[in-house]
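Following: one structure in structure tokens, then a few remarks.
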Amino acid sequence: MFSSFFSTSAPTDPQAQNFFAVADGVPANELYGELEQADTEWLCAGGFVTETQVFYLITEDGKSIMCQVIHSSVGLWYPQIQFTCKVYDSKTGEQVWKSVNVNNFVTPPPGLDKRSSKADEYSITYKTHPDKPDFPESYSIVANLGPDAQIFLDLKRYGAARGFKVGKGPKGGHSYFGTDPEKADGYVVHRFWPRLFGEGHFVHNGKAQAISGSGMFVHAIQGMRPNLVAASWNFGHFQSSGDGGVSAIQMEFSTINQYGKRGAGSGGVVVNVGSLVVGNKLVAVTAETKWPGEDPAPGEAVVQSKVTHLQPEHDPDTGYNKPNEILFEWKGKSLIPDASGDISASALVNLGTVAKPQGLMEKVDVLAEIPYVVKMAVNYVAGTKPYIYQWYNPAVLKITGSEGIQAGLSQGVEVKGILYNEATFISV
């Protein structure tokens, strides 16, 4: 890891492939990888590694909640560890944003494993419930984020909404940077709970607000300098109580020009992973790699997992072209044993214009929110100016699949719900 920080030497063959996407060589019917205990344990690696646990929740009364722990090891500096929380009320437009540097971080806490952690300011406790098949595992979050904000959450995974990574085994979920995946310059890995039920309380200025809703969890690691991982990211999670409980998620990044199939200059590789939950069952895992100049013919791809920015418009506030509409698309092989075949879904959402945004929560200036040492590293390359657009909008997910998954799917169903999505721009 340190070699990638201090050296920029080129490989022997300057046109050798130096990026390997998570779904490379994984057959369409083997994209689902079962989560093992180690997959969601804290790694807490040295070198240049940023690791996060993120919990997202869409509440029944129109709130978006995000709780995140960030563990950043920056070269030779001591780790920086933050707990961040955002509560957004779509009915009033009010949001509460807290980001605190924590003290005395420990994993595992006494009597627990490394899926749990604690510090003076928070605790996240993982538990298994083998006697409760409907909710076999859970996380509990307790955080004191200052005199004006505290949060208490219990988050339980629906039993049939299995956690997953793309690909099986310890290397499942990984994309690798560098010419040799066995001695990679860096990597990115994601592991997911695609649908969970959450309830608890958020206390703001001494007033407790009840929380109840559905969401997702992701454990993610970036094993190299953030500005070298990607030029942009897209993320979305759709949640609905319709059709027995539905979720649709995607995580996508585009590599910088340095990393691609033919070495430096062949980058801009788009890597996307996603999933579909119908009837509170994980029914498909999707993954797609878009190599520059190698687009498949329309309808040719066996699996689809992609985000498309539509009607881009220059935003003078950030300097980037933000989408006025966004399209999420999924297509994959059914994971239900007695319901073989494909399942597909799509959601088209209006995000509004720069002058008249639709559902825009915030434009986050990342460099204003992260610790100083991480900020200096992210800004290591001149011109890096990361911004995150965050939206919360009503949406309709159109799903088509086998009757064995859900009655009516063969004719297609339209499920009403909420889409929380982010578009992150790191470099032009």
Side-chain angles (χ1 to χ4, degrees), residues 1 17-45 49-54 71 113-115 126 128 136-137 157 159-178 180-196 216-224 229-230 233 235 237 247-253 255 259 269-277 281-291 301-306 330-337 343:
M1 191 61 61
Q17 181 171 343
N18 63 358
F19 176 72
F20 298 84
V22 62
D24 282 0
V26 182
N29 61 350
E30 296 181 13
L31 289 173
Y32 168 75
E34 181 180 2
L35 289 187
E36 303 169 6
Q37 176 175 328
D39 288 328
T40 48
E41 290 184 336
W42 282 98
L43 183 63
C44 298
V49 178
T50 301
E51 182 175 9
T52 66
Q53 282 187 344
V54 197
H71 183 288
D113 63 39
K114 293 188 73 173
R115 288 171 287 190
Y126 170 87
T128 58
E137 52 186 343
R157 179 179 65 79
R162 295 173 289 173
F164 75 93
K165 58 193 175 186
V166 171
K168 297 174 173 59
K171 295 183 179 180
H174 286 74
S175 292
Y176 293 101
F177 297 77
D180 184 356
E182 299 298 325
K183 300 177 181 178
D185 294 341
Y187 62 92
V188 172
V189 60
H190 296 92
R191 290 97 171 209
F192 301 91
W193 284 8
R195 185 164 166 87
L196 54 80
M216 59 160 288
F217 160 70
V218 58
H219 186 126
I221 307 173
Q222 293 183 36
M224 63 192 303
V229 170
W233 291 82
F235 164 68
H237 82 102
S247 87
I249 66 175
Q250 283 189 19
M251 183 79 73
E252 178 183 279
F253 68 92
T255 68
Y259 290 98
V269 184
V270 180
V271 179
N272 185 303
V273 299
S275 67
L276 292 170
V277 169
K281 302 185 295 287
L282 180 67
V283 299
V285 170
T286 61
E288 183 173 355
T289 306
K290 182 180 178 183
W291 300 97
V302 175
V303 177
Q304 291 182 350
S305 197
K306 60 183 178 181
W330 297 260
K331 178 184 175 184
K333 296 294 182 183
S334 168
L335 294 174
I336 306 303
I343 181 168

Discussion item. Looking at K114 and W42, would you say the former's side chain and the latter's main chain have a donor-acceptor pair under 3.5 Å?
Written reply: yes

Discussion item. Tell me whether the count of non-hydrogen atoms from other residues, nucleotides or ligands lying under 6.0 Å of CD in Q37 goes above 12.
Written reply: yes

Fill in: Interatomic spacing from CD1 in I249 to NE2 in H190 - rounded to 0.5 Å
10.0 Å

Discussion item. Measuring from atom OG of S275 to atom CG of L31, what distance do you get when rounded to the nearest 0.5 angstrom?
Written reply: 11.5 Å

Worksheet item: Is any NZ, NE, NH1 or NH2 atom of the basic residue among R191 and E36 found under 4.0 Å from an Asp or Glu carboxylate oxygen of the other?
Response: no

Fill in: Heavy-atom closest pair, residues V303 and A287
CG1-O, 3.4 Å

Worksheet item: Would you call L282 and V277 a side-chain contact if the rule is heavy atoms closer than 4.5 Å?
Response: yes

Practice prompt. Would you please name every residue forming a ring pair (Phe, Tyr, Trp, His ring centres under 6.0 Å) with Y32, sequence neighbours left out?
Written response: none

Item to complete: Give the C-alpha distance, both sets of side-chain angles, the deciding distance and a yes or no for side chain to side chain contact (heavy atoms under 4.5 Å, CB included) between S305 and Q250.
Response: CA-CA 7 Å; S305 197; Q250 283 189 19; 4.2 Å; yes

Worksheet entry | Nearest-0.5 Å distance that lies between atom CG in N272 and atom NZ in K290 | 11.0 Å

Worksheet item: If every non-hydrogen atom of F164 is compared with every non-hydrogen atom of V166, which pair is closest and at what distance?
Response: CD1-N, 4.5 Å

Worksheet entry | Contact summary for Y259 and F177, nearest pair of heavy atoms | CG-CD2, 3.6 Å

Item to complete: Report yes or no: does E51 contribute a side-chain atom to a donor-acceptor pair with the main-chain N or O of C44 at less than 3.5 Å?
Response: yes

Worksheet entry | W233 side chain near M251 side chain, heavy-atom distance below 4.5 Å | yes

Practice prompt. Flag yes if more than 12 heavy atoms outside K281 fall under 6.0 Å of its NZ atom; otherwise flag no.
Written response: yes

Item to complete: Can you see which heavy atom on R162 is nearest to which on P194, and at what distance?
Response: O-CD, 3.3 Å

Worksheet entry | Distance-minimising heavy-atom pair for K171 and Y176 | CG-OH, 3.6 Å

Discussion item. Please report the interatomic distance CD(Q53) to CZ(R115), rounded to the nearest 0.5 Å.
Written reply: 10.5 Å

Worksheet entry | Residue pair F192 / L35, side-chain heavy-atom distance below 4.5 Å | no

Worksheet item: For the residue pair F217 and W193, does the interplanar ring angle fall in the parallel (under 30°), tilted (30 to 60°) or perpendicular (over 60°) class?
Response: perpendicular

Worksheet item: Where is the tightest heavy-atom contact between G178 and D185, given as atom of each residue plus distance?
Response: CA-OD2, 3.6 Å

Fill in: Pairwise side-chain contact, E34 with D39, heavy-atom cut-off 4.5 Å (strictly under)
no

Worksheet, complete the sentence: Value for OG1 (T52) from NE2 (H219), rounded to nearest 0.5 Å, stands at 7.0 Å

Worksheet entry | Test item: D24 and Q17 side chains (from C-beta on) under 4.5 Å apart, heavy atoms | yes

Response to the item:
Rounding to 0.5 Å, atoms CZ (R157) and OG1 (T128) come to a distance of 11.0 Å

